[in-house]
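To start, the structure under review is shown below, and the notes come after it.
The figures here come from the full heavy-atom set of this structure, side chains too, leaving out hydrogens, waters and symmetry mates. All chains are named by letter (A, B, ...) in the order of the sequence lines, taking the proteins before the strands, and each is independently numbered beginning at 1.
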Amino acid sequence: MHSTFPLKLSYQPNHPQITNAGMNQEVTNGASKSKRNSKKPEYSRFTQQELPAWKPILTPGWVITSFLAIAMLFIPIGLVSLFASERVVEIVYRYDQDCVPEMYRGNVTSYIQNPLTNKTCIKNVTVPKKMAAPIFVYYQLDNFYQNHRRYVKSRSDKQLRNADDAFSTKGCEPEAKLSGNEPIVPCGLIAWSLFNDTYNLIMQKKSLDINKKGIAWKSDTKVKFGSNVFPKNFQSGSLIGGGKLNQSIPLSEQEDLIVWMRTAALPTFRKLYGRINRDLEAHETITVVLENNYNTYSFGGQKKLVLSTTSWIGGKNDFLGIAYLTVGGICLFMALNFILLYVFKPRPLGDPSYLSWNRNASRH
Amino acid sequence: MKRFVYVNDDDSSHELYCDNRISNRKYTLLNFLPKNLWEQFSRFMNQYFLLIACLQLWPLITPVNPASTWGPLIFIFAVSATKEAWDDYNRYLSDKKANEKQVWVVRQGSKKLIQAQEIHVGNLVWLRENDEVPCDLVLLGTSEPQGVCYVETAALDGETDLKTRNIPPACMGIDSELLHKIKARYGYRGVMECPLPDKDIRRFDANVRLFPPFLDNDVCPLSIKNTILQSCYLRNTEWACGVAVYTGNETKMGMSRGVAEPKLTAVDAMIDKLTGAIFIFQIVVVIVLGIAGNIWKDTEARKHWYVLYPEEGPWYELLIIPLRFELLCSIMIPISIKVSLDLVKSLYAKFIDWDKQMIDVETGTSANATNTAISEDLGQVEYILTDKTGTLTENKMIFKRCCIAGTFFGNENGDAVKDVELLNAINTGSADAIRFVTVMAICNTVVPIKRNYYSASGTVLYKAQSQDEEALVRAAASLHMVFVNKNSNILEINFNGSLKQYEVLEYLEFTSDRKRMSVVVRDCDKGNIMLLSKGADETILPCASAGHQTKTFSDAVDQYAQMGLRTLCLGWREVNEAEYQDWSFMFKEANSTLVDREWRVAEVCQRLEHDLDILGVAAIEDRLQDGVPETIETLRKAGINFWMLTGDKQNTAIQIALSCNFVSPEPKGQLLLVNGKTEDEVCRNLERVLLTMRITKAEPKDVAFVIDGWALEIALKHYRKAFTELAILSRTAICCRVTPSQKAQLVELLKSCDYRTLAIGDGGNDVRMIQQADIGVGISGREGLQAARAADYSIGKFKFLKRLILVHGRYSYNRTAFLSQYSFYKSLLICFIQIFFSFVSGVSGTSLFNSVSLMAYNVFYTSVPVLVSVVDKDLSEKTVMQHPQILYYCQAGRLLNPTTFAGWFGRALFHAIVVFAITIHSYAFEKSGLEEVSMVALSGCVWLQAFVVTLETNSFTILQHVAIWGNLVVFYIINWIVSAVPQSGMYTIMHRLCRQPAYWNTMFLIVAAGMGPVLALKYFRYTYKSSKINILQQAERVGGPILSLGNIEPQPRSLLDSDLAPLSISHAKNARNSVFEPLLSDSPNALRRSFGPDFFHSHSPYSRNKDM
């Protein structure tokens, strides 16, 4: 009878019902001993938390040296940046006020919204210093929120890229489609509010050429804006926003639009209008003939024409230089302070008498 | 309510009771998804994130792609669901294995091999040696002629010794071939009357009635002794068979299975609190920005014609902007914090499992963290409640001394077994001495192991449930009274070569209430009946016969207890036949009652245990475990208060307490006793002790109170408030004679005073306390693994507690404190930038960062470097061990509290200002493209966080370098790749930026401007307002004088760190750095220090007095 029993030579002490990790240790019998021993961790520096470690502490030497080093590094960089920024010659001319005729000063909005009024405006600017080619021509808008939540998302990259996707106007509302369900290409508020002031420069009675080719990023003209996408139904709705587009030119060649559609992160921004590929001598006078079409008057925005040279840090921007000098100066100041503190109020590191339990013991 | 089991009835019970299918599964295939989701969503954090994710589906308000929230959310859910599913699948597999195990069961009158799950109540189950018991059985027959079998109950209660189980007397002598003929039909009947299933594995009060042809058709009582329970193993017995009474999930094992309440650590609670605060802050920000946004929209935005705001908005128009900000600010509460914390916590637990220094060399047991979630709490322990026997002591009982009839043995050489006088007394036939040794040998439940009658050395192997009994039997054996064999009821004793036999008539069992046990035996040679008793002095001495002089014995007990020995009083008396017969009848009756059996049995026992002739006192030594005094001293220095809870006598407890540094001896220490049997006495005592406590509070005196179980019962019941005050005032307490439930009550009391408690114990009586405490530590010791099973951590020896708390607990706390606050910091940083950006974007709720960046920022850029803080160490293990006082920083929660969090909050704000201001100024005008500015700000954040982690890291291993700097490299790689995708919004952006010197200039500027002030502040505090941790770091790394440990002068606890248990420097002779020399010798306490250890050692001569 017994032989028919299933013979169990070794037994498993772990009852399967318990999925508790502690179970592995419960029986000290021989059968499980080998198993448990094999479960013992292999020695490794990681498991024993004994990885070799570099343990720096904030010694006065280290800290003072690093502050001095930052100061030594930052002050020269600051000076160089400031110098580079100073060498950039920049002409900024605000024209939005000047270009409104006297008679309309009281009612600027009706002037700018009336398509029949004469928007041409002729002004003179003087070159302060010699400007070396290439000279960049920008328009600058102030208090214009291209980063507004409603505005910044109101575009369809898909539609811009491909002619077949003219109908994908998702996110473009309210400038997505005409009333007849005809898609607007390019759709959305950004394109609809395209900046449309124009500038012509005249110097010494001769027209000063502004090269408007290649003002947009190559990556945009090549990839983001399709060469087979043509404007359609643009600015033909009931509300006219900004500039119009030539329907026979594909979007990839509408560089003003491409530049405009690179939305700015800040309410004050400059966008490239064109380049002047010749030097301008100091004290030369430039006559600007501009078409003042774009409406910034209703929200108190400013419009400026900017001519600027460039340097290795970009356009004129003193901020980096000043900030570098400031940070460097503060670091130098801190380093000196810490040196003084170290000399006049030395405090040995790791002095055991500062341990409160040691101090207490001495009190008793 | 009762359950009637018809033996070997195939049909009748099928519908009534469940079959033996075991199921531990939480889910089924169908309900897994809904049930698991429901469970996960019962947590507030998850509900919050789900709400955010749902709001993001509304395109009008979402600032970013919904995927940036859904992605991580689904990931987190998938991870925990997978873990649950995997666990459940494993449970299913193990259930299946148990259910499909083949067992022999009688079916239709013959034995058949069936699957375990097909067993029904009433079936006859046959087991072979080493088989696992498939369900709860009542024994009917075994291979042993005496009707016993041996089982190992380790899986059930963790006790590794063998237990004897008997077949009920009624079934004695049934032929094994006849057994399976017991049937409900065909005239043979057996009925069992059992209680409904419960989880008490110590009780089974049932009856069996067998009808003809079995002779005895009386009701026969059944107890737990007659059962073999599910998951036990049959040992040393060829076969056994029994009737299934409880099956499936209704077995004792199945009923006692329960899911333990998850424990929440103090750190978790603090993180929850901080999360709540952030949530409120977020709501405030949302409301303020929402209102500002709506105002701006109505006053300004309508003038900005290009935005084309409609004149008439929908009804929810006012809600849109606040909701947008809610979504923008939702990243304030980092979705990754839970995942990161779970990850590092499981690593902390692994470090404990892996720790080579916590492996007990003797048994090879390594430490084990069963609960992986509460490591930080180890670093915040304030009270340790410890068991004595087996926890502080080795639980290896050795018979050392005895006092027989007024004569002391073993006092000279410290070992009674080797005392020549005792051996002489036995050899010369001194009646008292021989009776004493006979009681030692017989009055027990020890089993001499059958197969090893004599091992090679000639000694017998004993299996005992009680260590004391084993010690006594062993000692008796060395005194030539060898207990050689137990044959059913016949005990064979080999005394000096002659074999004596005793028949055991009854066992009067030991219970914790009775505190004594007796046997009634018949001397087979002489035929007289004797009652042999042994037990605690207070239960044996009152039973002494009138006029018997017990003074010498109680003196002896006191004397032995003073030495820290456990004492047992031994007594005997002759019982005449008639008295025995009367009593025996009552005893049987009491044993067959179903209600209150234990109480009635005790009462009946009492009727026999009187007029005892006291033979003497046996003293058993339980040695202190290795390293216990040192461990307690170190942990007390770390500001941890120790309470000892023991079932032992007051004197023994006090002696052990003295010898293991629990309390200092007089005059430094003072013990205050709280005794009393009545309410008044206890009340008076309590007030007196409280008064003394309040007075001595100011003095650096070591005051401890001692309370016994009886007084404790009264104090907890009637004077809870006074006792609570006492508990708070006292750093040390000794509670003796306490029951398991009182232990748990004490834990509960301390917990209610908001202290972090750790309970450590090794036996079944500690389980409740271990489960109750914030942290339960079990010692996998000789009393089995019951405690270790119930505990959160199990260790091999008490001394590992030091390492567990000071090293693992402290590091875990420090690391989690950094990790959690950092998680909030980085989320706040990016959220503040978003808020600042909203001020320059017309408060319209535009997101500066794109979806990919936001998601990757949380998931990769900021979570990887900080994860390696799990290997960061602020101080080396050695320093911490030398200066355990440093644990105070963790206990008091100095590294994670609203103040430190405010620091991180401020840092986030400052860094956000730095990043945002520098970015918008250096990327102004013609460079201010949204994509570029966004990328520059993001790079700034990533650079800053790399340096923040660097500054906050104390030790740089290779992992830190890889994670911090590698992460920065990965950031650029990821963005280069994304910038190469034409469809992405940031096509070519990163390539352009990296070519601009201005970009790199901006980065350096952000790092210098952001980190400079932080570094300066940190340096200043580090050097001139240094915390103790800083000082030790400096001492450790500068290589200054290594402080040695002084003595311990504990003080009443107080939250001021100046009141930490003070420590004096005993010497600073070695490696004294010349720089520090003047300061040390100039200081007013230099003289005191030079006294060195000798001065203080005179105070602590009791460091180890076990050999006194």
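- With hydrogens and angles left out, the side-chain atoms of B/Arg992 and A/Ser219 include a donor and acceptor closer than 3.5 Å.
- For A/Phe338 against B/Ala1016, the heavy-atom pair with the smallest separation is CZ-O, 3.8 Å.
- Shortest non-hydrogen contact noted between B/Val307 and A/Arg150 is O-NE, 3.0 Å.
- Neither the backbone nor the side chain of B/Arg302 comes within contact range of chain A, judged by heavy atoms closer than 4.5 Å.
- Using a 4.5 Å cut-off between heavy atoms, B/Ser928 touches chain A through backbone and side chain atoms alike.
- Interface remark: A/Asn143 contributes backbone and side-chain atoms alike to the contact with chain B (heavy atom separation under 4.5 Å).
- Looking only at distances, no side-chain donor or acceptor of B/Trp305 sits under 3.5 Å from a matching main-chain atom of A/Phe299.
- Heavy atoms of B/Asn954 lying under 4.5 Å from chain A belong exclusively to its backbone.
- When heavy atoms are compared at a cutoff of 4.5 Å, B/Ser934 does not approach chain A at all.
- Contact detail for B/Tyr306 and A/Ser193: the closest heavy-atom pair is CB-CB, 3.7 Å.
- Scanning both residues, B/Val871 and A/Phe46, for their nearest heavy atoms gives CG1-CE1, 3.6 Å.
- Looking at A/Asn147, its side chain does come within 3.5 Å of a backbone N or O of B/Val840 through a donor-acceptor pair.
- With a 4.5 Å cut-off on non-hydrogen atoms, A/Ser66 touches chain B through its side chain but not through its backbone.
- Contacts between A/Trp192 and chain B at a heavy-atom distance below 4.5 Å involve the side chain alone, from C-beta outward.
- Summarising the geometry of B/Ala998 relative to A/Ile313, their closest heavy-atom pair is CB-O, 4.2 Å, with the distance given to 0.1 Å.
- Contacts of B/Tyr811 with chain A are made by side-chain atoms alone, with heavy-atom separations under 4.5 Å and no backbone atom involved.
- Between the side chain of B/Lys873 and the backbone N or O of A/Gln49 there is at least one donor-acceptor pair closer than 3.5 Å.
- For chain B, the nearby parts of A/Trp217 are the backbone and the side chain; heavy atoms of each come within less than 4.5 Å.
- Not one N or O on the side chain of B/Glu926 forms a donor-acceptor pair closer than 3.5 Å with the backbone of A/Leu272.
- A salt bridge does not link B/Glu931 with A/Arg262: every distance from a Lys NZ or Arg NE/NH1/NH2 to an Asp or Glu carboxylate oxygen is 4.0 Å or more.
- Across every non-hydrogen atom of A/Phe319 and B/Leu1005, the tightest pair is CE2-CD2, 4.2 Å.
- Heavy-atom pairs under 4.5 Å with chain B were tallied for A/Pro174, A/Gly315, A/Gly301; the largest tally goes to A/Pro174.
- When ring centroids are compared, B/Phe925 and A/Phe269 stay outside the 6.0 Å threshold.
- With a 4.5 Å cut-off on non-hydrogen atoms, A/Lys345 touches chain B through its backbone and its side chain both.
- Heavy atoms of B/Tyr1022 lying under 4.5 Å from chain A belong exclusively to its side chain.
- For B/Tyr1024, the parts sitting under 4.5 Å from any heavy atom of chain A are the backbone and the side chain alike.
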